[in-house]
Amino acid sequence: MPAPTALRQTAEVAMAETPVAPTMSEQDEEILIDAQTSADQVSAGLAPEIEPTQDSDMRIDEEGRPLFTPAKDTSRVYRVESRKVPVPPHRMTPLKASWARIYPPLVEHLKLQVRMNIKNRAVELRTSRFTTDTEALQKGEDFVKAFTLGFDVDDAIALLRLDDLYIRSFEIRDIKALNGEHLSRAIGRCAGKDGRTKFAIENATRTRIVIADQKIHLLGAVKNVDCAQQAIVSLILGSPPGKVYGNLRKVASRMKERF
């Protein structure tokens, strides 16, 4: 058996070679020293600046805010979309007569491709790589549709220039079931003698009105169209024109105060 002295020396050598794990107090002191050192470096402005990589062009300024390079213009991938607006038979002749005034706003302003298909009696619209506005196709369709409903070209162009305009359509029978002479008298009350009642409603409410047989089309802003529709509904239900004129004067005075 080995001597006790030799065993003791072997144990001491093994303990000396085995690494001793630091205690909790020593770990805390090391962590605190590292945190203090990093805080001192940041406060002194000695923090290393982030170098831009190949994937990211981000940099850091003196106050620690990120700096990005300006975005580069990339080629847009566009999708060709088309719309077809049918033209009623009674609006084909006015369309041909006013075609020289209809296509320039669509081509020059909206950058659309337009053609008049006489065989199918429709106006066809299509986007191209020059079209920049995402709503151009919808605006062009509304413009052509407004003309097919009976509005003048100058009034329909307002749909392209202003965003708060829209068209509302309804029939006289939606308000009251009328037939024969009663329906004719209702249409006459809405139009007035030589169209005076219609013009008075348009001027008071700042709208445009088209009376096409039993259908009535209104063009204007939301509140203005509501006022014009209320006046027309009152005439259809049998209110005397004098009372409607009085209400229109009140509406006109309120609009002047508002503007």
Legend entry - Residue list, salt bridge (Lys or Arg N to Asp or Glu O under 4.0 Å) with R249, at least two apart or on another chain: none
Inset, instruction - Output all residues satisfying side chain to side chain contact (heavy atoms under 4.5 Å, CB included) with R161, sequence neighbours left out; order by chain, then residue number. - result: I157
Legend entry - Set of salt bridge (Lys or Arg N to Asp or Glu O under 4.0 Å) partners for E108, sequence neighbours left out: none
Legend entry - Which atom of L125 lies closest to which atom of G140, heavy atoms considered: CD1-C, 3.5 Å
Inset, instruction - Any pair with a residue in residues 181-191 that passes salt bridge (Lys or Arg N to Asp or Glu O under 4.0 Å), sequence neighbours left out, goes on the list, sorted by first then second residue, please. - result: E181-R185
Legend entry - Distance (rounded to the nearest 0.5 Å) between R208 CZ and L149 CG: 15.5 Å
Legend entry - Beyond-backbone contact of I232 with F170, side-chain heavy atoms, under 4.5 angstrom: yes
Legend entry - Linked, directly or transitively: Y103 and M92 (ILVMFWY side chains, under 4.5 Å): yes
Inset, instruction - Go through V210 and L219 one step at a time and tell me if the side chain to side chain contact (heavy atoms under 4.5 Å, CB included) criterion holds. - result: CA-CA 9 Å; V210 172; L219 171 64; over 6 Å; no
Inset, instruction - Look at the side-chain heavy atoms of Ile, Leu, Val, Met, Phe, Trp and Tyr, link any pair under 4.5 Å apart, and say whether L183 and I216 land in one connected group. - result: yes
Inset, instruction - Could you tell me which residues satisfy side chain to side chain contact (heavy atoms under 4.5 Å, CB included) with P86, sequence neighbours excluded, listed by chain and number? - result: none
Inset, instruction - Might you point out which heavy atoms bring I60 and P66 nearest each other, and give the distance in Å? - result: CD1-CA, 3.9 Å
Inset, instruction - Apply side chain to side chain contact (heavy atoms under 4.5 Å, CB included) to A136 and list each qualifying residue two or more places apart in sequence or on a separate chain. - result: L110, L112, T131, D133
Inset, instruction - Grab the two heavy atoms, one from A146 and one from L159, that are nearest each other, plus how far apart they are. - result: CB-CD1, 3.7 Å
Inset, instruction - Report the C-alpha separation of L218 and T207 in whole Å, then their side-chain angles, then the decisive distance to 0.1 Å, and conclude whether the side chain to side chain contact (heavy atoms under 4.5 Å, CB included) test is met. - result: CA-CA 7 Å; L218 306 176; T207 57; 5.6 Å; no
Inset, instruction - List in chain and number order the residues that pass salt bridge (Lys or Arg N to Asp or Glu O under 4.0 Å) with D163, two or more places apart in sequence or in another chain; answer none if no residue qualifies. - result: K139
Legend entry - Check ion pair R173-E171 (N to O, under 4.0 angstrom): no
Inset, instruction - Over all heavy atoms of both residues, which pair between F143 and L160 is shortest? Give the atoms and the distance, please. - result: CB-CD2, 3.7 Å
Legend entry - Pairs satisfying salt bridge (Lys or Arg N to Asp or Glu O under 4.0 Å), at least one member in residues 111-121, at least two apart: R115-E124
Legend entry - Same apolar cluster: I172 and I201, side chain cutoff 4.5 Å: yes
Inset, instruction - Hey, could you give me each pair passing salt bridge (Lys or Arg N to Asp or Glu O under 4.0 Å) that has a residue in residues 224-241? Not counting sequence neighbours. - result: R168-D226
Inset, instruction - Specify the closest pair of heavy atoms between L235 and C190, including all atoms of both residues, with the distance to one decimal. - result: CD1-CA, 4.0 Å
Legend entry - Same cluster (ILVMFWY, side-chain, under 4.5 Å), Y166 and F151: no
Inset, instruction - Return each pair, listed once, that meets side-chain hydrogen bond (donor to acceptor under 3.5 Å, both in side chains) where at least one residue sits in residues 83-100; pairs must be two or more places apart or across chains. - result: R83-Q138, R83-E141
Legend entry - T205 and L248: CA distance, side-chain angles, deciding distance, side chain to side chain contact (heavy atoms under 4.5 Å, CB included) verdict: CA-CA 8 Å; T205 59; L248 290 176; 4.2 Å; yes
Legend entry - Pairwise distance CG(D155) to CZ(F147) - rounded to 0.5 angstrom: 11.5 Å
Legend entry - Distance in Å, S184 OG paired with D213 CG, rounded so as to fall on 0.5 Å steps: 8.5 Å
Inset, instruction - Measure the shortest side-chain to side-chain distance between T197 and Y245 over non-hydrogen atoms and say whether it is less than 4.5 angstrom. - result: yes
Inset, instruction - Find out if a path of hydrophobic residues (ILVMFWY) with successive side-chain heavy-atom gaps under 4.5 Å connects L178 to I187. - result: yes
Legend entry - Partner set under side chain to side chain contact (heavy atoms under 4.5 Å, CB included) for T148, not counting sequence neighbours: V87, P88, V144, K145
Legend entry - Partner set under salt bridge (Lys or Arg N to Asp or Glu O under 4.0 Å) for R196, not counting sequence neighbours: none
Legend entry - Side chain to side chain, I167 and D142, heavy atoms closer than 4.5 Å: no
